[in-house]
A.B. asks: 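Attaching a single structure in structure tokens format; questions to follow.
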Amino acid sequence: MAGQREASEQPSCRWAREGTMSISAMTDYKPQQLDKKWQQQWTSSNAFEVEVDAKRPKYYTLEMFAYPSGHAHVGHVRNYIIGDIMARMKRMRGFNVLHPFGWDAFGLPAENAAIKTGTHPETSTLDNIAHMKGQLQRLGLSYAWQREIATCLPEYYKFNQWIFLKMFERGLAYRKRSTVNWCPSCQTVLANEQVIEGGVCWRCGTVVVSRDLEQWFFRITAYADELLKGLDTLTEWPEKVVVMQRNWIGRSEGARIRFPVAKSNEAVRGAGAPGMDVRGAGAPGMDIEIFTTRIDTIYGATFVLLSPEHPLVDRFASESPDPQAFKDRVAKFRALDREARLTGAIEKEGFDTGRKALNPFTGEEVPIWIANFVLAEYGTGAIMAVPAHDERDFEFARKYNLPIRIVVQSDETPEIQTAERGEGVPAKQDRGAGAPGVMNAATTNYGRMVNSGPWNGKEAPAVIAEMIADAEKRGIGTGEVQYRLKDWGISRQRYWGTPIPVIHCEKDGVVPVPYKDLPVELPKVTTFTGRGDSPLAQVADWVNVKCPKCGGPARRETDTMDTFVDSSWYFLRFADPHNKEMPFNPAASAYWLPVDFYSGGVEHAILHLLYSRFFTRVLRDVGLVNFDEPFKRLLTQGMVLKNGDVMSKSKGNVVDPDDMLQKYGADALRLYVMFVAPPEKEVEWTDTGLEGSFRFLLRVWRIVDHWAETIGGEGVPACGDDCTDAERKLRRKTHDTIRRVTVDIEERMHLNTAVSALMELVNAIYDFSEGTAHGIPARGEPPVGRIERTQTIAVLREAMDALVVMLSPFAPHTAEELWHLLGHPEGLMKAQWPTFDPAVAKAEEVVVPVQINGKVRARVTARVDASEDELRELALADATVKGHTAGKTIRKVVVAKGPLVSVVVQ
RNA sequence: GCGGAAGUGGCGGAACGGCAGACGCGCUAGCCUCAGGAGCUAGUUGGAGCAAUCCAGUGGGGGUUCAAAUCCCCCCUUCCGCACCA
């Protein structure tokens, strides 16, 4: 580089040298050294640690914390960089920025590893955390590390237990029997992900079976409506995530209607009298409650279907002529159902129980069948089947030749009108499935009711409320809202999780561990076999305790909590991470929360985010927080792919950030992953793209270093009216860039275009240097005394200061060094984000495109404040425009903002 | 099947109804250097032309508009989520 400088003989004509670019740096760009230097500086000055400061506005930016798998790859790292850019930018915008990080440190992988290698989960987890923390620090991420948390530490999980007890007190934590995967060979419970292809155990290959266990649940359904309504307030969440949550909650309004069941071989008392009072009509305790959203079709309910798990099924079986055969068929369905969960769709099957139920609206007896497609866990586990107006029921009716009765006329199905015009067709005369001219498919539209007794001619959906009211009046049913959302089963038969803080006493039953005894610490288990019951059950001196109530012999709960519990409130803990008495101080959460900007993978769109919203509401009701929604703005970042695939160890396509750091430094990596695409999009990793970003930094380095000494030190105000055109042009670019970058980061989260804008500014500075600034002496050269120089320096300085500050969120190490070179000893931590001046950004002249019949044919130059008439005349006077309008009639001339002139001819 | 998102050069991607392809990667030609992860200049949607310029062009087809990648309707493709939710 020094050689190049010597090659330019005369300073005054150095820029005129043909074919040579003389902008060069005195100092080599050595990013690895800069990384180290500034990271040390930030750490030793506690640059990113924050305290509550009521006088300053806060900003809480958070990235989803990490599972300590051992190595962060660039896919993870992308998310952290996005958050870091927000944090660094907001600090310079004057906010008190909380930007913490932590570890989702409990979980199955560490336990699985322990089973395979014998390394205790605690050891491997803490080692992994240490390694990954180093990786993140080497990226220059501006975390408040003093607030670091790890969920596997007792000081954290103590408060999982604390919250559990609060839930228990409020009836939000309860026990019920539930099905788990069980490996008969290992004698152990398996998580879903431990059941691999073909429904076998991941370790021994044995076919997994279902087993019912008493387990703990959180009553999230108690908040279902609130969680649903809250979605409307999440205006800064991706629509996609909101929709996914709405569907997951799955609210549907309908009615629960009772169908009395006939005693074996008997008709239901009073059957056959439409509209009669059916209360108490059936066999004692033998009502089938169904849930339907389409009570308007109830006159078409020609049979009733039970799920194989329905409570009446066993009774029907024992009362049937051949109980064993009945039970066998049911057992087959129940088993099949579980398998279907793994493989997908199954053929609809069912069989007749031989029993009848009374349709309380028609007064008819209809057969009761058991069907494999009816879900036990939704609604009442039983449905009224309306084959004419439900596709599934139609398929079923056709298969088993059950009656199909049309009760709704809609535009969808004109042929029905002709086929079924007229009044009520008795069941016996219903046309069978596939009868010519009747129906080939169910029609599910709303329409006008037919064959529906007193309701004929009424229109759904309006009639639905009326019919529900009628059912309620007659005591046969009620309006009801159903949710697809189910209560959250949190019990895990695992070691590496939070112990559930309850004690089972023979005398007192389930007794919560007193708050003063928290945390219930995990005992040290030294061997992990992967066999047997919950690992904790094997630690006798831990399990056997005295009952807190009666002092008698008792046993601890040996299940641990789902790790989603840990992650459902960690963002609150960051507000006050070292509190020993409470999960966090309410005052601290009131200041820092909610999270202003939350980013993470879309794979957490449902569970983690929904559970967090649930916990926030529970803690609100407990009195710890004063808001409903924990995350104000959400960004779901796209994954980083390599060779078209998600990075994973097994695929061998992992890009290790450390390799990239060694080669190009942290800043090039940071810049590249932000530049390559908008944050929410998936990106394909390319090494050449990274090189491009490195070259850009090099280019910034050269130009700033080149001029730093000349323009550095105390500045003068940038010029006003006495600017040259070139100077004005650069100022315009500078301010336009400030506007674009600010909006792109803060509002649009288009970090890629923010980088583009910075690149354009750098290009403009180069142009300015080459074309205009040659009056300024380069570093180490004697100054040339010219009056314009002061202005030129000021303009260049303004541009470079703005550039370096705006670059700093993306490339903090490089920017920090350049900032010092530019003569700002106090460092970027004290720097202000530049302010956009619209007056400066405004051009005096504009190039106005002229469209003729919609196509741009010419451009004219006009004053920025030219009137519409002036623009119109300028446009029509243009030679090219004249060429297009000659001999034609000008029908219309539109002058649009922009500006732009649009001419319509002929 | 239902729901959501998206289809733009060789590639990643720009363009909140107004100049399509910013910015970068790659590539081509030239220059510079002992060398360099370099650097510089010019070019890079397709087609026609020495050129000015013209024609076509944002998955396909219609429509609204002076003006559409952008808004509306239909169709095709891809990705993602839910998957018998009564």
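Chain identifiers are assigned alphabetically (A, B, ...) following the order of the sequence lines, protein sequences preceding nucleic acid strands; residue numbering begins at 1 within each chain.
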A.B. asks: Where along nucleotides 51-58 of chain B does protein come under 4.0 Å, by heavy atom, of base (B) or sugar-phosphate alone (S), with - for untouched nucleotides?
C.D. replies: ---SSS--

A.B. asks: State which residues pass salt bridge (charged side-chain N to carboxylate O under 4.0 Å, His left out) with A:Asp659; sequence neighbours excluded, sorted by chain then number.
C.D. replies: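 A:Asp659 satisfies salt bridge (charged side-chain N to carboxylate O under 4.0 Å, His left out) with no residue once adjacent residues are dropped.
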
A.B. asks: For nucleotides B:G21 and B:U45, find the distance between their C1' atoms and express it as a whole number of Å.
C.D. replies: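 About 8 Å, rounded to a whole number of Å.
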
A.B. asks: For B:A15 and B:A68, measure between their C1' atoms and round to the nearest Å.
C.D. replies: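 Per the computed distance, 13 Å lies between those C1' atoms.
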
A.B. asks: Please state whether the base of B:C66 and the side chain of A:Ser902 form at least one donor-acceptor pair under 3.5 Å?
C.D. replies: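 It does, because a donor-acceptor pair links the side chain of A:Ser902 to the base of B:C66 below 3.5 Å.
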
A.B. asks: Roughly how far apart, to the nearest Å, are B:A86 and B:A14 at atom P?
C.D. replies: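 Their P atoms lie roughly 39 Å apart.
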
A.B. asks: For atom C1', what is the distance between B:U28 and B:G10, given to the nearest Å?
C.D. replies: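 B:U28 and B:G10 have their C1' atoms separated by 13 Å.
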
A.B. asks: Does A:Lys681 reach a base, just sugar-phosphate, or nothing at all? Heavy atoms under 4.0 Å.
C.D. replies: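 Sugar-phosphate contact only - A:Lys681 comes under 4.0 Å of backbone atoms but never of a base.
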
A.B. asks: For each nucleotide in nucleotides 44-50 of chain B, reading 5' to 3', give B when a protein heavy atom comes within less than 4.0 Å of its base, S when such contact involves only the sugar-phosphate, and - otherwise.
C.D. replies: -------

A.B. asks: Which nucleotide, B:G37, B:A86, B:C23, lies nearest any side-chain atom of A:Lys663?
C.D. replies: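 In terms of side-chain proximity for A:Lys663, the closest of B:G37, B:A86, B:C23 is B:G37.
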
A.B. asks: Can a donor-acceptor pair under 3.5 Å be found between the side-chain atoms of A:Ser756 and the base atoms of B:A22?
C.D. replies: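 Checked by distance alone, the answer is yes.
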
A.B. asks: Restricting to salt bridge (charged side-chain N to carboxylate O under 4.0 Å, His left out), what partner residues turn up for A:Arg251, sequence neighbours left out?
C.D. replies: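 In terms of salt bridge (charged side-chain N to carboxylate O under 4.0 Å, His left out), with neighbours along the sequence ignored, A:Arg251 is linked to A:Asp225, A:Glu253.
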
A.B. asks: Please tabulate, one pair per line, each protein N/O and nucleotide N/O from nucleotides 7-11 of chain B that are separated by under 3.5 Å, including the distance.
C.D. replies:
none

A.B. asks: Is a donor-acceptor pair below 3.5 Å formed from side chain A:Lys240 to base B:C80, judging by atom type as modelled?
C.D. replies: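 Checked by distance alone, the answer is no.
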
A.B. asks: Look at all strands and tell whether A:Gly379 reaches a base, only sugar-phosphate, or nothing, counting heavy atoms closer than 4.0 Å.
C.D. replies: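 If one applies the 4.0 Å heavy-atom cut-off, A:Gly379 turns out to touch nothing in the nucleic acid.
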
A.B. asks: What salt bridge (charged side-chain N to carboxylate O under 4.0 Å, His left out) pairs are there with at least one residue in residues 735-747 of chain A, not counting sequence neighbours?
C.D. replies: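 Listed once each, the pairs are A:Lys90-A:Glu746, A:Arg93-A:Glu746, A:Asp736-A:Arg739, A:Arg740-A:Glu760, A:Asp744-A:Arg748.
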
A.B. asks: Assign A:Ser252 to base, sugar-phosphate, or nothing according to its heavy-atom contacts below 4.0 angstrom with the strands shown.
C.D. replies: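 Counting heavy atoms under 4.0 Å across all strands, the contact made by A:Ser252 is with sugar-phosphate only.
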
A.B. asks: Using a 4.0 Å heavy-atom cut-off, does A:Glu682 contact any base of the nucleic acid, only the sugar-phosphate backbone, or nothing at all?
C.D. replies: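 Sugar-phosphate contact only - A:Glu682 comes under 4.0 Å of backbone atoms but never of a base.
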
A.B. asks: Tell me which pairs pass salt bridge (charged side-chain N to carboxylate O under 4.0 Å, His left out) where either residue lies in residues 750-759 of chain A, with sequence neighbours left out.
C.D. replies: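 For residues 750-759 of chain A, and leaving out neighbouring residues, there are no salt bridge (charged side-chain N to carboxylate O under 4.0 Å, His left out) pairs at all.
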
A.B. asks: Excluding sequence neighbours, so at least two apart, what forms ring pair (Phe, Tyr, Trp, His ring centres under 6.0 Å) with A:His813?
C.D. replies: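 In terms of ring pair (Phe, Tyr, Trp, His ring centres under 6.0 Å), with neighbours along the sequence ignored, A:His813 is linked to A:Trp42.
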
A.B. asks: Would you list the protein and nucleotides 15-17 of chain B atom pairs, both N or O, that sit under 3.5 Å from each other?
C.D. replies:
{"from": "B:A15", "atom 1": "OP1", "to": "A:Arg748", "atom 2": "NH1", "distance (Å)": "3.2"}
{"from": "B:A15", "atom 1": "OP1", "to": "A:Arg748", "atom 2": "NH2", "distance (Å)": "2.9"}

A.B. asks: Which label fits B:G9, syn or anti, where anti is any glycosidic angle not within 90° of 0?
C.D. replies: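 What B:G9 shows is a syn base, its glycosidic angle lying within 90° of 0.
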
A.B. asks: From the set B:G12, B:G39, B:A14, return the single nucleotide nearest to any side-chain atom of A:Asn752.
C.D. replies: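 Of the options given, the side chain of A:Asn752 lies nearest B:A14.
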
A.B. asks: Taking the P atom of each, how far is B:G17 from B:G30, in whole Å?
C.D. replies: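 The same atom, P, in both gives a distance of 46 Å.
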
A.B. asks: For a quick check of understanding: with a heavy-atom distance under 4.0 Å over all strands, which category does A:Leu698 fall into, base, sugar-phosphate or nothing?
C.D. replies: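 Contact class for A:Leu698: sugar-phosphate only.
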
A.B. asks: Would you indicate what A:Asn763 reaches in the nucleic acid, counting non-hydrogen atoms under 4.0 angstrom: base, sugar-phosphate, or nothing?
C.D. replies: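 The residue A:Asn763 makes sugar-phosphate contact but no base contact.
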
A.B. asks: Got a sec, which pairs hit salt bridge (charged side-chain N to carboxylate O under 4.0 Å, His left out) with one end in residues 890-906 of chain A, sequence neighbours left out?
C.D. replies: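 Applying salt bridge (charged side-chain N to carboxylate O under 4.0 Å, His left out) to every pair that reaches into residues 890-906 of chain A, excluding sequence neighbours, yields nothing.
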
A.B. asks: Hey, does the side-chain of A:Gln851 have a donor or acceptor N/O within less than 3.5 Å of a partner on the base of B:G18?
C.D. replies: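 Such a pair exists between side chain and base.
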
A.B. asks: Using a 4.0 Å cut-off on heavy atoms, which residues in residues 887-896 of chain A reach RNA chain B? List them by number, or say none.
C.D. replies: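 Hits under 4.0 Å, by residue number: A:Lys892, A:Val894, A:Ala896.
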
A.B. asks: Would you indicate what A:Pro678 reaches in the nucleic acid, counting non-hydrogen atoms under 4.0 angstrom: base, sugar-phosphate, or nothing?
C.D. replies: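 Since only primed, P, OP1 and OP2 atoms lie under 4.0 Å of A:Pro678, the category is sugar-phosphate.
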
A.B. asks: Take N1-N3 plus N6-O4 or O6-N4 for Watson-Crick, N1-O2 plus O6-N3 for G-U, both under 3.5 Å. Which runs of 3 or more such pairs involve RNA chain B?
C.D. replies: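 Detected stem regions: B:1-7 with B:76-82, B:10-12 with B:23-25, B:26-31 with B:39-44, B:45-48 with B:53-56, B:59-63 with B:71-75.
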
